[in-house]
Engineer: 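For reference, the structure I am asking about is given below.
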Amino acid sequence: MPTSKAEQRAIAHILGSLDDKIELNRQMAQTLESIARAIFKSWFVDFDPVKAKMEGKQPEGMTEEIAALFPDRLVDSELGMIPEGWEYKALGDMINIFDSKRIPLSRSQRKARQGKYPYYGATSIMDYVDDYIFDGVYVLIGEDGSVKKPDGTPFLQYVSGTRV
């Protein structure tokens, strides 16, 4: 432990600056999350880009290229009005589920198989192992719903089996 008051103050200043930066990063992440939620709601719940195009306007805050991906008409569905060309389907009818490809490994098994490939847990990379489970880029979603963020939303991970 430093005995000099000047050295202690210098260390305290550095640690305080790091704490301030961590808090600023946390606030920025929270702000970005709020912005992403607002955009998602605008585009995929309220259908604002479709409504703008129905009025002959350029959807606000998006490029023409992105706006071109949205139709200019709403049609009736069992859920109410939805963009033309969109369908109401169960998620399992629209995605491939690769749960059977995941091989659960205990900590000791992972330790015995140390390598360069990420081994994913429910919320993040748990370890690195000697082989990848899948080849390609995927979205991982916690399957049992017990692993959630404090606000109740599930953890999603955008992952690649071979990228290191």
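Please read these numbers as outputs of a predicted model, since none were measured by experiment.
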Engineer: Can you see which heavy atom on Tyr128 is nearest to which on Gly115, and at what distance?
Structural biologist: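 What the structure gives for the nearest pair is CB-O, 3.0 Å.
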
Engineer: In Å and rounded to the nearest 0.5 Å, what is the CG to NZ distance from Asp72 to Lys51?
Structural biologist: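 Between Asp72 CG and Lys51 NZ, I get 14.5 Å after rounding to 0.5 Å.
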
Engineer: Which heavy-atom pair separates Ala67 from Gln58 by the least distance, and what is that distance?
Structural biologist: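 Shortest heavy-atom contact: CB-NE2, 3.8 Å.
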
Engineer: Considering all heavy atoms of both residues, which atom of Met54 and which atom of Leu74 are nearest to each other, and what is their separation?
Structural biologist: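 Heavy atoms only, the tightest pair is SD-CG, 3.8 Å.
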
Engineer: Let me confirm one number: the CG-CG distance from Leu32 to Asn25, rounded to the nearest 0.5 Å.
Structural biologist: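 One finds 10.5 Å between CG of Leu32 and CG of Asn25.
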
Engineer: With sequence neighbours excluded, what pairs up with Lys57 under the side chain to side chain contact (heavy atoms under 4.5 Å, CB included) test?
Structural biologist: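 Result, side chain to side chain contact (heavy atoms under 4.5 Å, CB included) vs Lys57: Ala52, Glu55.
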
Engineer: Quick one: pull up OG in Ser17 and CD1 in Ile22 and give me the separation to the nearest 0.5 Å.
Structural biologist: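 With rounding to 0.5 Å, OG (Ser17) is 11.0 Å from CD1 (Ile22).
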
Engineer: Is there a path of hydrophobic side-chain contacts, each under 4.5 Å between heavy atoms of I, L, V, M, F, W or Y residues, that connects Val45 with Trp43?
Structural biologist: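 Cluster IDs for Val45 and Trp43 match.
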
Engineer: Side chain to side chain contact (heavy atoms under 4.5 Å, CB included) with Gln30: which residues, sequence neighbours excluded?
Structural biologist: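 Here the qualifying residues are Arg26.
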
Engineer: Is it true that atom CD of Glu23 has more than 12 heavy atoms of other residues, nucleotides or ligands lying nearer than 6.0 Å?
Structural biologist: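 Above 12, so yes.
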
Engineer: Drop me the distance from Tyr120's OH to Met126's CE, to the nearest 0.5 angstrom.
Structural biologist: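 The distance works out to 13.0 Å.
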
Engineer: Just checking Gln27: does its CD atom have more than 12 heavy atoms from other residues, nucleotides or ligands closer to it than 6.0 angstrom?
Structural biologist: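 Check passes, neighbour count above 12.
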
Engineer: Indicate yes or no for a side-chain donor-acceptor contact from Gln8 to the backbone of Pro2 under 3.5 Å, with no hydrogens or angles considered.
Structural biologist: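 A pair under 3.5 Å: yes.
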
Engineer: Taking the side chain as every heavy atom from C-beta outward, state whether Gln114 and Asp127 have any pair of such atoms under 4.5 Å apart.
Structural biologist: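 Counting from C-beta outward, Gln114 and Asp127 do come under 4.5 Å.
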
Engineer: For the hydrophobic clusters of this structure (ILVMFWY residues joined by side-chain heavy atoms under 4.5 Å, transitively), does one cluster hold both Phe40 and Tyr88?
Structural biologist: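 No, Phe40 and Tyr88 fall in different hydrophobic clusters.
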
Engineer: Can you list the residues that meet the ring pair (Phe, Tyr, Trp, His ring centres under 6.0 Å) rule with Tyr119, with sequence neighbours excluded?
Structural biologist: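 Once residues adjacent in sequence are excluded, Tyr119 has no partner under the ring pair (Phe, Tyr, Trp, His ring centres under 6.0 Å) criterion.
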
Engineer: At their closest point, which heavy atom of Phe70 faces which heavy atom of Ile66, and how far apart are they?
Structural biologist: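 Reported closest heavy-atom pair: CD1-O, 3.6 Å.
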
Engineer: Do Asp76 and Met81 have side chains that get closer than 4.5 Å, going by heavy atoms?
Structural biologist: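 SC-SC contact between Asp76 and Met81 confirmed.
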
Engineer: Just grab all the ring pair (Phe, Tyr, Trp, His ring centres under 6.0 Å) pairs involving residues 4-38, residues at least two apart or on different chains.
Structural biologist: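 Not a single pair qualifies under ring pair (Phe, Tyr, Trp, His ring centres under 6.0 Å).
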
Engineer: Under 3.5 Å, is there a donor-acceptor pair between the side chain of Lys41 and the main chain of Phe47?
Structural biologist: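 Absent.
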
Engineer: Holding to salt bridge (Lys or Arg N to Asp or Glu O under 4.0 Å), I want the full list of residues that pass it with Glu7, two or more places apart in sequence or in another chain.
Structural biologist: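 If we apply the salt bridge (Lys or Arg N to Asp or Glu O under 4.0 Å) test to Glu7, skipping adjacent residues, there are no hits.
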
Engineer: Provide the closest heavy-atom pair for Lys53 versus Pro59 in the form atom of the first, atom of the second, distance.
Structural biologist: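 So the two residues come closest at CG-CG, 3.8 Å.
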
Engineer: Should Leu24 and Leu15 be regarded as members of a common hydrophobic cluster, given that ILVMFWY residues are connected when their side-chain heavy atoms come within less than 4.5 Å of each other, either directly or indirectly?
Structural biologist: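 Leu24 does not cluster with Leu15.
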
Engineer: Could you tell me whether a side-chain N or O of Arg110 sits under 3.5 Å from a main-chain N or O of Leu105, the two making a donor and an acceptor?
Structural biologist: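 Yes, because the side chain of Arg110 sits within donor-acceptor range (under 3.5 Å) of the backbone of Leu105.
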
Engineer: According to side chain to side chain contact (heavy atoms under 4.5 Å, CB included), who are the partners of Asp151, at least two apart in sequence or on a separate chain?
Structural biologist: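 For Asp151 the side chain to side chain contact (heavy atoms under 4.5 Å, CB included) partners, ignoring immediate neighbours, are Arg37, Lys149, Thr153.
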
Engineer: Step by step, would you call Leu140 with Leu156 a side chain to side chain contact (heavy atoms under 4.5 Å, CB included)?
Structural biologist: CA-CA 6 Å; Leu140 299 182; Leu156 298 177; over 6 Å; no

Engineer: Tyr117 versus Asp130: any side-chain heavy-atom pair under 4.5 Å?
Structural biologist: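 No, side chains not in contact.
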
Engineer: Working to the nearest 0.5 Å, report the span between OG of Ser77 and CD of Glu87.
Structural biologist: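 If we round to the nearest 0.5 Å, Ser77:OG and Glu87:CD are 10.5 Å apart.
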
Engineer: Which atom pair, heavy atoms only, marks the closest approach of Phe44 to Trp86?
Structural biologist: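 Heavy atoms of Phe44 and Trp86 come nearest at CD2-CH2, 3.5 Å.
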
Engineer: What's the separation between atom CE in Met62 and atom CG in Asp48, rounded to the nearest 0.5 Å?
Structural biologist: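 CG of Asp48 is found 8.5 Å from CE of Met62.
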
